[in-house]
Amino acid sequence: MTFVPPDHPRFLSLMYRERLVEKVKEGVVVLQGLIAHGRGEAFDYILGEQSIPPALEAERVAAAELMLARRPVISVNGNTAALIPRELAELSKLTGAPLEVNLFYRSEERAARIASLLQMHGAEEVLWEPETEIEGLRSERRKVSSRGIAAADVVLVALEDGDRTEALKRLGKRVIAIDLNPFSRTSLTADVTIIDNVVRAVPNIIRFYKEMNEAEAREAVRRFSNEVNLKESIKWIKKWLDQKISELF
Ligand code: PTJ
């Protein structure tokens, strides 16, 4: 691993890059995952690399949805497993939602590797051997577990493709999506869209879950509008850009 000086202004961002590169070498992350991460970094930059207020609200509602769900499931891909394995394991144990390995660039070997990485970080329930398929979806993501995504009422996804989000919605599931791009099909289709980096979003969801009771969860879900929240997120980006312009001239 390349040495990154801890006082470097972009230390955290560089460390996450290093981790992803390491995990490419270990066969956990695909090369395409690095491209996806780069796109995420660009959006994160214009959010000021922070959890903006609308993201915090969506994260609290995500915690509420997970609390109220009958059968919640957390979908995990290569990038999220590499970036936040411990946090995913913690969220899974806290909410009782199994982690299901669901990959766009699927191979059995890679799925097994991701499952063991999650287990090494404390995950207790990891589903990675799909027995069934989602109808109306042609990518490898169609392969799901009958004990997991197939039976779930609420699915948390991150760095997701629009096709599967739409397919999950068609099946009547509620979808919570973490995606730094507010314009992606996933962001526009999900029931709760979190415009934040997964490395901040999942710890925030954990914190909100611990602070909340069921009555508060019901109230948070009742008051939430994803459309309003998404517009607020885009306004924050606009505000950040306006501020940058005023600093320049
Ligand atoms: O591990 P696999 O085989 O399932 O493949 C995973 C990738 C990420 C390669 C696959 O899902 C993919 O190609 O994703 P996309 O279609 O590029 O979408 C990724 C989305 O996630 C983009 O909108 C990015 O802006 C966003 N994104 C990237 N990094 C992060 C992120 N969102 C939140 N946190 C991030 N760290």
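As the structure lists them, so they are numbered: ligands from 1, and atoms in each ligand from 1. What you see below is based on every heavy atom in this structure, not just the backbone, and it leaves out hydrogens, waters and symmetry mates.
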Side chain to side chain contact (heavy atoms under 4.5 Å, CB included) partner of I176, the single match among L66, T193, I74, V155:
L66
Below 3.5 angstrom, do we get any N/O pair linking D161 and ligand 1?
no
Is D196 touching ligand 1 with its side chain, its backbone, both, or neither, if touching means heavy atoms under 4.0 Å apart?
backbone
From CA spacing to verdict: salt bridge (charged side-chain N to carboxylate O under 4.0 Å, His left out), R185, D179:
CA-CA 10 Å; R185 226 163 4 117; D179 190 336; over 6 Å; no
T165 side chain reached by R170 side chain, heavy atoms, under 4.5 Å:
no
Any nitrogen or oxygen of L103, side chain or backbone, less than 3.5 Å from one on ligand 1?
no
I want to check something: taking the side chain as every heavy atom from C-beta on, are S13 and E41 in contact at a cut-off of under 4.5 Å?
yes
S184 N/O under 3.5 Å from ligand 1 N/O
no
Is there side-chain contact between P54 and I195, with heavy atoms separated by less than 4.5 Å?
no
Can you report which non-hydrogen protein atom sits closest to atom 34 (N) of ligand 1, along with the distance?
V198 N, 3.0 Å
Quick look: R110 vs ligand 1, heavy-atom contacts under 4.0 Å, and the answer is side chain
Starting from atom 18 (O) of ligand 1, locate the nearest protein heavy atom and write down its residue, its atom name and how far away it is, to 0.1 Å.
E160 O, 4.0 Å
Can you report which non-hydrogen protein atom sits closest to atom 11 (O) of ligand 1, along with the distance?
R141 NH2, 2.7 Å
Mind checking whether H37 has an N or O less than 3.5 Å away from an N or O of ligand 1?
no
Co-membership, hydrophobic cluster, residues V101 and V144, 4.5 Å side-chain:
no
Stepwise salt bridge (charged side-chain N to carboxylate O under 4.0 Å, His left out) test for R138 and D163:
CA-CA 9 Å; R138 291 173 64 185; D163 282 354; over 6 Å; no
Can you check whether L159 has an N/O within less than 3.5 Å of an N/O in ligand 1?
yes
Report yes if the side chains of S139 and L137 come closer than 4.5 Å at any heavy-atom pair, otherwise no.
yes
Could you tell me the residue and atom name of the protein heavy atom closest to atom 15 (P) of ligand 1, and the distance to it rounded to 0.1 Å?
R39 NH2, 3.9 Å
With a 4.5 Å cut-off on side-chain heavy-atom distances among I, L, V, M, F, W and Y, is there a chain of contacts connecting L230 to I194?
no
Given the rule that I, L, V, M, F, W and Y join up when any side-chain heavy atoms are under 4.5 Å apart, are M15 and L20 in one cluster?
no
Give yes if a backbone or side-chain nitrogen or oxygen of L180 is under 3.5 Å from a nitrogen or oxygen of ligand 1, and no if not.
yes
N or O contact, Y105 vs ligand 1, cut-off under 3.5 Å:
yes
Looking only at distances, please establish whether an N/O atom of ligand 1 is found under 3.5 Å from an N/O atom of F43.
no
With a 4.0 Å cut-off, strictly under, does atom 30 (C) of ligand 1 pick up any protein heavy atom?
yes
What protein heavy atom is closest to atom 12 (C) of ligand 1, reported as residue, atom name and distance in Å?
A36 CB, 4.4 Å
Please report whether ligand 1 has a polar contact with N197, defined as an N or O pair separated by less than 3.5 Å (distance criterion only).
yes
Heavy-atom pairs closer than 4.0 Å: do any link ligand 1 to the side chain of R106, the backbone, both, or neither?
neither
Using a 4.0 Å cut-off to any heavy atom of D179, which atoms of ligand 1 qualify?
20 (C), 21 (O), 22 (C), 23 (O), 24 (C), 25 (O), 26 (C), 32 (N)
Donor-acceptor contact present, side-chain R106 to main-chain K143, <3.5 Å
no
Would you check the N or O atoms of L83, main chain and side chain alike, for any that come under 3.5 Å of an N or O of ligand 1?
no
Atom indices of ligand 1, in the order listed, that fall short of 4.0 Å to a heavy atom of G33:
9 (C)
Using the rule side chain to side chain contact (heavy atoms under 4.5 Å, CB included), only one of N79, L83, I84 pairs with Y16; which is it?
L83
Of the protein's non-hydrogen atoms, which lies at the shortest distance from atom 4 (O) of ligand 1, and what is that distance?
F104 N, 2.8 Å
Those residues that, when tested against Y45, pass ring-ring contact (aromatic ring centres under 6.0 Å, His included) (two or more places apart)
W240
Any idea which atoms of ligand 1 are less than 4.0 Å away from a heavy-atom of G78?
1 (O)
Evaluation steps, salt bridge (charged side-chain N to carboxylate O under 4.0 Å, His left out), between E211 and R60:
CA-CA 10 Å; E211 289 170 4; R60 187 162 183 274; 5.8 Å; no
What is the nearest protein non-hydrogen atom to atom 6 (C) of ligand 1, stated with its residue, atom name and distance?
N77 ND2, 3.8 Å
